[in-house]
Amino acid sequence: MRLSRSFIPTLKETPSEAQIASHRLMLRAGLVRQTAAGIYAWLPAGLRVLRNIEQIVREEQDASGAQEVLMPTLQSADLWRQSGRYDGYGQEMLRFKDRHDREMLYGPTNEEMITDIFRTGVKSYRDFPQNLYHIQWKFRDEVRPRFGVMRGREFLMKDAYSFDLDHAGAVVAYRKMMLAYMRTFQRLGVQAIPMAADTGPIGGDLSHEFIILAPTGESQVYFDAAFEKIDVSTARYGFGSDQDLADFYTTMTTPYAATDEKHDEAAWAQVADKREGRGIEVGHIFYFGTKYSEPMGLKVAGPDGQMIVPHMGSYGIGVSRLAGAIIEAHHDEAGIKWPDSVAPWRAAILNLKPGDTACDTICEEAYTGLAGNALYDDRPDRAGAKFADADLMGHPWQIIVGPRSAANRRVELKRRMTGEREEVSVEDALARVLK
RNA sequence: CGGAGCGUAGCGCAGCCUGGUAGCGCAUCAGUCUGGGGGACUGAGGGUCGUGGGUUCGAAUCCCGCCGCUCCGACCA
């Protein structure tokens, strides 16, 4: 993308409504635009980030054996009456009526809908286990939306739902999701810690929330440094082995980890290598047994002819929230420092002197060589403005092409995350960026 | 849902108290000079002052209603 031809409205000044770093930077870097309280439009650069996060989430869900579906944003109130949640959900649910006076709602979550879909399609115990997920917009009419996309009213969430014949099977499904989540967050460039959690309105008796570390996080978290060394790679743990999953689960749940609400000073005192900091919740997993399958009449014939009521779990990742959370974890005074995996472009090409033949030639060559992975700053602006915008937008690499070194076919390569910079040949720069 | 504010040009703000035909910085456009960390100069364009009503000779300014938004707290992917 050529910056001169793109719609990336960066701001030099901070909009007054933005209080926290990620909100300020998302607005300043031209990623999103607020359209109403807690509701955001995603602009070209922001959408690329959102899609990158979504794709990593998708790949890890698929790897765990979950299958992607897509359920609608609008649901019928009848469905929620079957589970008994329609009256209990409260003001957070956005309710309305269609032209025929039918009661509808904009879905805040999909347990009822997936249970309804699954019960009409499943035929036998042989069909189990299953895990279905989708990545869809949700709406929760928060009393007080804030922090930009971190606490919006409309947000993109990945939610998965597992179906198993018994508790033991559901526990395996739960562990698979925990493993998939750890891999997902690792790929997204953030340190995530699973912490035992309350189950809230979803219900159930086994639940963990995934907290990622960021200096500006909402809550204080305490955890054992052992979490920093856990290997969650496919080489260490496989989805196909119940023993691996059990080992993994033990490893993830044994060291101390708690948010300030559940913090236990006595247990904390026993931890040898302590870590504490601020955290943001970006995922939450629940096992809730037959809470929905029972009232909604989901049951199948077992091998002995007896009817079985399946055990379920649900697993959420806040995709749009992650865009903000990743910025909270990776930024400085100048702007965003995107991890490679989620950056809208891998590199920015800064042409410090458009019109200079050597600069123009090298920039075009780099732009073509990076094939869609680069944002080319070809604007006729001053160098300082380009540096400032590149730092603000947070491209992992900056290929700085100036007349000083361009004559020798050399460029300056800057790594945004670390601030390191070095002069290299054009070829080396491209190879490094694409590696 | 309790408390506190704000709405004036794309963004950040002043003007309001004490009513008299709207201003500053940045951004934008044109030109000149510049050219490695948001440069300088000259000129130009851009505003139903959130909205409806009221008071007044006259309302951005005073009064009332409504709408929108933000912040603090309680609550939450």
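As the structure is a prediction and not an experimental result, all values here were calculated from the model. Reminder, nothing fancy here: chain letters follow the sequence lines and each chain counts from 1.
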Identity of whatever pairs with [N] - Watson-Crick or G-U, under 3.5 angstrom:
{"N": "B:A9", "value": "none"}
{"N": "B:G58", "value": "none"}
{"N": "B:G31", "value": "B:C41"}

- prompt: Is the A:Tyr174 ring parallel, tilted or perpendicular to the A:His208 ring (thresholds 30°, 60°)?
  reply: tilted

- request: Look at the aromatic rings of A:Phe286 and A:His284 and report parallel, tilted or perpendicular, splitting at 30° and 60°.
  value: parallel

- request: Decide yes or no on side-chain hydrogen bond (donor to acceptor under 3.5 Å, both in side chains) for A:Gln186 and A:Arg183, but give the supporting numbers first.
  value: CA-CA 5 Å; A:Gln186 184 175 68; A:Arg183 288 178 180 162; over 6 Å; no

Gap between atoms [atom1] and [atom2], on [X] and [N] respectively (whole Å):
{"X": "A:Gln136", "N": "B:A77", "atom1": "CD", "atom2": "C1'", "value": "15 Å"}
{"X": "A:Tyr89", "N": "B:C75", "atom1": "OH", "atom2": "P", "value": "17 Å"}
{"X": "A:Asn110", "N": "B:A77", "atom1": "CG", "atom2": "C1'", "value": "13 Å"}
{"X": "A:Ile400", "N": "B:G36", "atom1": "CD1", "atom2": "P", "value": "13 Å"}
{"X": "A:Lys12", "N": "B:G38", "atom1": "NZ", "atom2": "P", "value": "9 Å"}
{"X": "A:Asp159", "N": "B:A77", "atom1": "CG", "atom2": "P", "value": "13 Å"}
{"X": "A:Glu218", "N": "B:C71", "atom1": "CD", "atom2": "P", "value": "12 Å"}
{"X": "A:Arg28", "N": "B:A27", "atom1": "CZ", "atom2": "P", "value": "13 Å"}

message: Test of understanding: with ring-ring contact (aromatic ring centres under 6.0 Å, His included), list the residues that count as partners of A:Tyr256, not counting sequence neighbours.
response: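 A:Tyr256 satisfies ring-ring contact (aromatic ring centres under 6.0 Å, His included) with A:His263, A:Trp268 only.
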
Identify every side-chain donor-acceptor pair in residues 14-21 of chain A under 3.5 Å, counting partners at least two apart or on other chains, and give the distances.
none

For nucleotides 46-50 of chain B, which of its nitrogen or oxygen atoms have a protein nitrogen or oxygen under 3.5 Å away, and what is each distance?
none

Using the [atom1] atom as the reference point in each nucleotide, state the distance between [N] and [M] in Å, no decimals.
{"N": "B:U51", "M": "B:G12", "atom1": "C1'", "result": "24 Å"}
{"N": "B:C49", "M": "B:U61", "atom1": "C1'", "result": "10 Å"}
{"N": "B:A22", "M": "B:U8", "atom1": "C1'", "result": "8 Å"}

Sub-3.5 Å pairs of nitrogen or oxygen atoms, protein against nucleotides 7-11 of chain B:
{"from": "B:C11", "atom 1": "O2", "to": "A:Glu13", "atom 2": "OE1", "distance (Å)": "3.0"}

- request: Within residues 413-423 of chain A, find the residues that approach RNA chain B with a heavy atom at under 4.0 Å, and present them sorted by residue number.
  value: A:Lys414, A:Arg421

message: I need the residues from residues 374-393 of chain A with at least one non-hydrogen atom less than 4.0 Å from RNA chain B; give them sorted by number, or say none.
response: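 Heavy-atom contacts with RNA chain B come from A:Pro380, A:Asp381, A:Arg382, A:Ala383, A:Gly384, A:Ala385, A:Phe387, A:Ala388, A:Asp389, A:Asp391.
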
statement: The nucleotide from B:C76, B:C71, B:G36 with an atom nearest the side chain of A:Arg151 is B:C76

- prompt: Looking just at side-chain N and O atoms, do A:Arg58 and A:Gln61 make a donor-acceptor pair shorter than 3.5 Å?
  reply: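 A:Arg58 vs A:Gln61: no donor-acceptor pair found between side chains.
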
- request: Indicate, with yes or no, if the rings of A:Phe210 and A:Tyr181 have centres closer together than 6.0 Å.
  value: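 So the answer is yes for these two rings.
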
query: Under the 3.5 angstrom rule, does the side chain of A:Gln75 hit a backbone N or O of A:Thr109 as a donor-acceptor pair?
result: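 Side chain of A:Gln75 to backbone of A:Thr109: a pair is present.
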
message: Does atom CZ (A:Arg33) have a neighbourhood of more than 12 heavy atoms from anything else shown, all under 6.0 Å?
response: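 Result for CZ/A:Arg33: open.
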
- prompt: Within 45° of the six-membered ring axis of A:Trp397 and under 6.0 Å from that ring's centre, is NZ or CZ of A:Arg415 located there?
  reply: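 Yes.
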
message: Would A:Glu103 and A:Arg81 count as a salt bridge (Lys or Arg N to Asp or Glu O under 4.0 Å) here? Give the steps.
response: CA-CA 11 Å; A:Glu103 292 180 278; A:Arg81 290 209 170 88; 2.7 Å; yes

- prompt: Looking across every strand, which nucleic acid part, if any, lies under 4.0 Å from A:Gly324 by heavy atom: base, sugar-phosphate, or nothing?
  reply: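 Since no nucleic acid heavy atom lies under 4.0 Å of A:Gly324, the category is nothing.
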
